[in-house]
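Inspection log for the structure reproduced underneath, given as structure tokens.
Residue numbers start from 1 in every chain, and the chains themselves are labelled A, B, ... in the order their sequence lines are given, proteins ahead of strands.
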2 protein chains.
Amino acid sequence: MIQSVDRAIRALGLLRSARGSHGLSLAQLAAGLELAPSTVHGIVKTLQAHGLVVQEPRSGHYRLGPELLKLGNVYLGTLELRSRSVTWSAELARRTGFAVRIGARTAGEVMIVHHEPRPDGSRQMAEAGLTLPLHATALGKAVLAFTGEEPGELPSMTADTVTERASLAEQLDQVRARALAAEQEEAVLGECGLAAPIADAESVVGAIGIVVPIAEWPVAESAIAAVREAARTISHELGATGWPAAR
Amino acid sequence: MIQSVDRAIRALGLLRSARGSHGLSLAQLAAGLELAPSTVHGIVKTLQAHGLVVQEPRSGHYRLGPELLKLGNVYLGTLELRSRSVTWSAELARRTGFAVRIGARTAGEVMIVHHEPRPDGSRQMAEAGLTLPLHATALGKAVLAFTGEEPGELPSMTADTVTERASLAEQLDQVRARALAAEQEEAVLGECGLAAPIADAESVVGAIGIVVPIAEWPVAESAIAAVREAARTISHELGATGWPAAR
DNA sequence: AAGCTCATTCGACATTACCGAATCATCGAG
DNA sequence: CTCGATGATTCGGTAATGTCGAATGAGCTT
């Protein structure tokens, strides 16, 4: 682990969590990293030269730069899971009438890599790049059930969030049995989810699911079948030999 | 400029331009950076520990990681230009019937920070994060005319791309006079654009415009007025005292 | 107009990252 | 199934590099 590179990335992380405020001053950055201001200065100037951070002309504060968006976008483009899923997510949205989300498995989270709005046009901005907790979302449970990784913590997000490992394990057993994960107001009040895992030739790499307002829950059997079918089809395209579990 | 941080960022850039192929091997990265493989190894392992790159389990190749998407997304969220513009871009799309783009000025380019699809639902994926050349797009010309920066090169993209500085300067004079930039098949065949600059209290920071298929060009006077009005309104919200030019 | 805060610059020190060689795993050929 | 080659990874010595503290200068407030 190279020290200066590590420090530079931690600086980016600090700028990320400082969202809302108008950037961070050099002194704040130095305090957060527990380094001398002059040390941090060299780091941010290097990042700035490449457009990863920008400096506000007036206050001198630093914030994240546009180059990061370009890099993030390329990451999206290289994701085979995403490119194979977009056409099917449109189909799923059409058949069910709900908004569709595709999530990719990342370290300890599920990241939304595609969002298909409801066909009726009710607009809601859920951008690609948002990450969801594994234990409190349908997409997350669909992934968690088949990867066997242990979530570190189970933070409570609403009154209905599952926070006990025992009951989560029980749920995951059902998910494995049905190849389908459900969630009712466990992450966002008024919002439910239904998702199925997507696998490639080796393991479960993500999930596809629908977002359902609580007023329209539970959904019809046909919608459940549609979610399963979309996940199965995409998995097949990604080279999965069996479904839901690989192998 | 810190050497190792600089090298790490150049490695990310290399991985970015290697799009299409399935990542880059350590040896390829080392060759591209003109460094010893072991040196590059330390760099990518540090990047990997933070999720900025991931390694494919099978081939050992490296590619960009999900953390970059998170960072890029936060950049979008901190952009005041974007948050002030989204509501007005929906309005503009409704009034004109065309897809709407919002571009932010970055170093030598214009970056799309928001895309509003056509109200009629014809779907086209122009993602946020794409960058457009300054000289061959309506958004770019709208920015270029008021920032006074000299574009380095004028690469030809279609038969109609303006590649001579003299004729470009002439066009920019008109843009300044009308506070409106137009483009006909100069970047993408079959596609025209119309855009107006957006300023904050100090300078022009971006532009808003519509994307028009060649078959529907030229657009009605009412659409032109709508683009201008949207740009003027957003500029006002951003604290611009005059329009189009700041000051 | 003066004092303050904060970003920035500079130089000396030693910590740190760099490189080359050795090791190990993986894949392909014989 | 064995052998060879390619390429990722590890390790240790060297010196180049980044780090820190103090000094400078700009901008803002009092």
Side-chain angles (χ1 to χ4, degrees), chain A residues 1-15 18 21-65 78 107 200-203 239 246-247, chain B residues 1-15 18 21-65 78 107 200-203 239 246-247:
Chain A
M1 179 96 73
I2 294 176
Q3 187 187 55
S4 57
V5 175
D6 180 62
R7 288 172 170 181
I9 299 172
R10 279 171 46 211
L12 290 177
L14 223 57
L15 289 171
S21 79
H22 288 247
L24 254 50
S25 72
L26 186 65
Q28 289 174 310
L29 226 38
L33 296 171
E34 298 180 349
L35 294 172
S38 58
T39 303
V40 181
H41 183 254
I43 291 171
V44 292
K45 280 301 164 191
T46 308
L47 293 171
Q48 186 184 7
H50 289 271
L52 269 60
V53 306
V54 292
Q55 185 176 28
E56 300 188 11
R58 192 151 298 276
S59 63
H61 287 197
Y62 294 93
R63 51 169 64 190
L64 297 177
T78 60
D200 67 6
E202 305 178 32
S203 64
R247 179 181 351 263
Chain B
M1 179 95 75
I2 293 177
Q3 187 188 55
S4 57
V5 176
D6 179 62
R7 288 172 170 181
I9 300 172
R10 279 172 45 212
L12 290 176
L14 221 58
L15 289 172
S21 80
H22 287 248
L24 254 51
S25 73
L26 186 65
Q28 289 173 312
L29 271 173
L33 295 171
E34 298 180 349
L35 293 171
S38 59
T39 303
V40 180
H41 183 254
I43 291 172
V44 292
K45 280 301 163 190
T46 309
L47 293 171
Q48 185 184 6
H50 290 270
L52 270 60
V53 307
V54 293
Q55 184 176 28
E56 299 188 11
R58 191 152 299 275
S59 62
H61 287 198
Y62 294 94
R63 49 170 62 190
L64 298 177
T78 60
D200 67 6
E202 303 176 34
S203 63
R247 170 187 11 249

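D:dG7 atom C1' lies 14 Å from atom CG of B:Leu24, rounded to whole Å. As rounded to whole Å, 15 Å separates atom P of D:dT19 from atom CE of B:Met1. Counting to the nearest Å, the C1' atom of C:dT16 and the CD atom of B:Gln3 are 11 Å from each other. Between the NE2 atom of A:His61 and the P atom of C:dC6 there is a distance of 9 Å, rounded to whole Å. The CD atom of B:Glu56 sits 12 Å away from the P atom of D:dA8 (whole-angstrom rounding). Across the protein-nucleic acid pair, A:Ile2 atom CD1 and D:dT17 atom C1' stand 12 Å apart, rounded to whole Å. We find that CZ of B:Arg7 is positioned 5 Å from P of C:dC19, with the value rounded to whole Å. Rounding to whole angstrom units, CD1 of residue A:Ile43 and P of C:dA7 are separated by 15 Å.
Under the 3.5 Å distance criterion, the side-chain polar atoms of A:Arg7 are left unmatched by any main-chain donor or acceptor of A:Ile43. Using modelled atom types, no side-chain atom of A:Gln48 and backbone atom of A:Val53 make a donor-acceptor pair closer than 3.5 Å.
The two atoms that bring B:Leu33 and B:Arg10 nearest to each other are O-NH2, 3.6 Å, heavy atoms only. For the residue pair A:Leu52 and A:Leu12, the shortest heavy atom distance occurs at O-CD2, 4.2 Å.
Where A:Lys45 and B:Glu34 meet DNA chain C, the nucleotide closest to each residue was compared, and A:Lys45 sits on the side nearer the 5' end. Each of A:Ala27 and B:Leu35 has a nearest nucleotide on DNA chain C; the 5'-most of these lies closest to A:Ala27.
Looking at heavy-atom distances under 4.0 Å, B:Gln55 makes contact with sugar-phosphate atoms alone, never a base. Across all strands shown, A:Leu26 has heavy atoms under 4.0 Å from base atoms, whether or not it also approaches the sugar-phosphate.
Side-chain atoms of A:Ile2 and B:Lys45, non-hydrogen and from C-beta on, never get closer than 4.5 Å to each other.
The side chain of B:Tyr62 places an N or O atom within less than 4.0 Å of a non-bridging phosphate oxygen (OP1 or OP2) of D:dT9.
Proximity note for B:Ser25 (side chain, C-beta onward) versus D:dA8, D:dT9, C:dT9: the nearest is D:dA8. Nearest nucleotide to the side chain of A:His41, out of C:dC19, C:dT8, D:dG21: C:dT8.
The base of D:dG18 lies outside donor-acceptor range of the side chain of A:Ser4, with no N or O pair under 3.5 Å.
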